[in-house]
Amino acid sequence: MSSDVKLGTVVGLPMDRVDGRLKVTGGAKYSADIPVQGVTYAVLVKSTIAKGKVTKIDASDAKSAQGVIAVLTYEDKDMLPEAQRGKILPGPEVHFSGQDLAVVIADTLEHATEAAGLVKIDYAPEAPASVMTPDLLPSAHPPASNGRRVTFERGDVTSGLSAGSARVQQVYTTPVEHHNPLEPHATLAVWEGDKLTVYDATQGVTGTQRTLSSLFGIPTQNVRVVSHFLGGGFGCKGMSWPHVSTAAFAAKVVGRPVKLVLRREQMFTSNGHRPETRQEITLAAGKDGRLTAWSQSSYTEVSPVLEFIEPVGLMPSIMYAVPNLKIDHHLVTLDVPPGTYMRAPGEASGSVGCEIAMDELAYELSLDPIELRMRNYAEADPQSKLPWSSNSLRECYAKGAEAFGWSKRKPTPGRNKDGKWLVGYGVASATYPANYQPASASAQMMADGSVLIRCGTQDLGTGSYTILTQIAADVLGVQPDRVRTEIGDSSLPMAPGSGGSTSAASAGSGVYVAALALRSKLISMAIGDGKVEDVQVHNGVLAIPGGPRSMSYADIVRKSGQPSIEVTTKAEARSNDRSMHSFGAQFAEVHVDADLGTIRVAKCVGAFGVGRVLNAKTAESQLRGGIIWGIGMALLEETLMDPHFGRYVNMNLGEYHVPVNADIPDIQVLTVPEEDPYVNAIGVKGIGEIGIVGCAAAIANAIFNATGKRVRSLPITLDKLM
Ligand code: MOS
């Protein structure tokens, strides 16, 4: 682009969040906080069996309870187009414990909650299968949808296996985990005639808009979805789950606004989870440490109601230069709720098998684990054969090892002691795709020289408001406090959903392109035929060679006679002749009580190559958050199933353990400078997910280095070290 503007004056700074004050003062209105006249409250009634059939629903007591306006069940859906009737309140068949069967709408939350307990449901239950036990593996089936994302083959894995002189053959497992954002799912549905407005805690306002327009058979422009603030999403707010449609349906039936907020325990069955995985991995390598074969059979559980595949084979398919590779994927259908995207879907779980297996191979070969990875560094994408757009893995290992003090590691387990504590060091690689989708945005210059940016993306709490403000300020040459950014509304220019670390790259490029177009337009208005790129702008004032001494954006708008100057643009699609991924290196130091097996993580260092960093503060916060979650994944997180009832048993934050401050050690986050001209207009790779990838494996590897005990099943609780 001829009129490119170099980012880096405001972009990159560790700027405070532009919405920080609103959040700490309570001024930020989340979906459930929006005041609406005449609002009513909905409470879901969920199945208590995992498999079978409802034989009778008796809602008569609930209907006559105080304050109740309506009780809807699967028998009451004749207002929906016929094809859509199975999508909400499904029944009478029950496919998992926690399936929505009815919804109670009342004048207060208390009345709705009370009445929900009065709905009597009789069942004909059947015995569920709810855990991926070994006896179920032969019943596994291949994916019906999108299998290309999970199965990979190159070279000849059989001859590759026999060519190796060292071998690792092991099984790695990860449990069901849940997202647990601080803000639960919340939907507030308001109808005005045949127009629907939904305030929803969603990672994708346009996706939710499409779901609702199709459900009710109304044009998309009749549905407006608003999500100004989110208290975290992590993937569970990436899809429009049935409760959203149920709230909109209930509002239509009762003719009043309906608010539906999921209770914490309902967050374990209403909006997906990270599926349980089993990764059977065989590696072979020559004496020089170079991999000759990677053979992997992956198994993940899947719900009968929705095929979500946890793509654990993605990372091993591209991470190392192994010539012979075969990764297949099997699904075991269980009577459980659907799985879904959860922070670094695929790579978070997949890195556990991939990176513990590599550590085992390093011990097999008596090689330093970093050296083993360097010997297998892939100069290009080994699966697609495409060149990398950029790959800073080597720099990440070098910089991370230096900061961590890797040279002090004692290779033999059990040799490093601190009193009664066994000390261990571990490493693992990290990677995540640099996803991108073209986004639209508008940029508007006001007569007072302030700027309005509008883009239909949303901020999960990660800092989207802030980075978009920084990009616009940088491009236009104005102070960030002169820029107002509006996002989180489906009526704004369309941007992709926020998942797969796409938003900074996609919405960021969209705003960059819009701001650039506005800048060019304003400068052209000022200089006529002159060259736009000869003009510098500082604090909204143009420096025009040979031109008037002082002319500002505000002057240009005023001279135009229009109230403001606005442009709306869409960023371009990118070429796909490069393989585009972020890479990183994770380091962990653990201390294990030699007598009790108590594990403390003493230090974590993560070094990442993630393209351009838009805001040093929010970026570090994202990456640190990923590492904290990796510690939880390694040591704490697990949703436990009662196999008799097919029901999760720890559906609360008291028994589903996430790390607390006392669990978290000194964490150092490093980014290596990386300029990537291929990924998108602003060179951004996205950082929402890579921080967790490899962290749990680094901790597992450190535990082996400390104790000599190899634990291949997460979480690593102390009983597994006994
Ligand atoms: Mo992310 S798990 O794709 O929201």
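Just so you know, ligand 1 is whichever comes first in the structure, and atom 1 is the first atom listed for that ligand.
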Undergrad: T269 pairs by side chain to side chain donor-acceptor pair (under 3.5 Å) with which of H178, K46, R647, Q99?
TA: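 By the side chain to side chain donor-acceptor pair (under 3.5 Å) criterion, T269 pairs with just one of H178, K46, R647, Q99: K46.
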Undergrad: What residues sit with at least one heavy atom under 4.0 Å from ligand 1?
TA: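 Within 4.0 Å of ligand 1, protein side: Q203, F234, G235, Y341, M342, R343, P345, G499, G500, E689.
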Undergrad: What pairs with S440 under side chain to side chain contact (heavy atoms under 4.5 Å, CB included), at least two apart in sequence or on another chain?
TA: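 With sequence neighbours excluded, S440 shows a side chain to side chain contact (heavy atoms under 4.5 Å, CB included) to P493, K570, given in chain and number order.
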Undergrad: Could you list all the salt bridge (Lys or Arg N to Asp or Glu O under 4.0 Å) pairs where at least one residue sits in residues 225-247, not counting sequence neighbours?
TA: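 Only E183-K237 qualify under salt bridge (Lys or Arg N to Asp or Glu O under 4.0 Å).
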Undergrad: Between R278 and E276, does any side-chain N to carboxylate O distance fall below 4.0 Å?
TA: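 The answer is no: the pair does not qualify as a salt bridge.
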Undergrad: Is the distance between the ring centroids of Y656 and F268 under 6.0 Å?
TA: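 Yes, the ring centres sit under 6.0 Å apart.
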Undergrad: Just to verify, what does T462 make a side chain to side chain contact (heavy atoms under 4.5 Å, CB included) with, not counting sequence neighbours?
TA: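 Scan of T462 (side chain to side chain contact (heavy atoms under 4.5 Å, CB included), adjacent residues dropped) gives D459, L460, S464, Q622.
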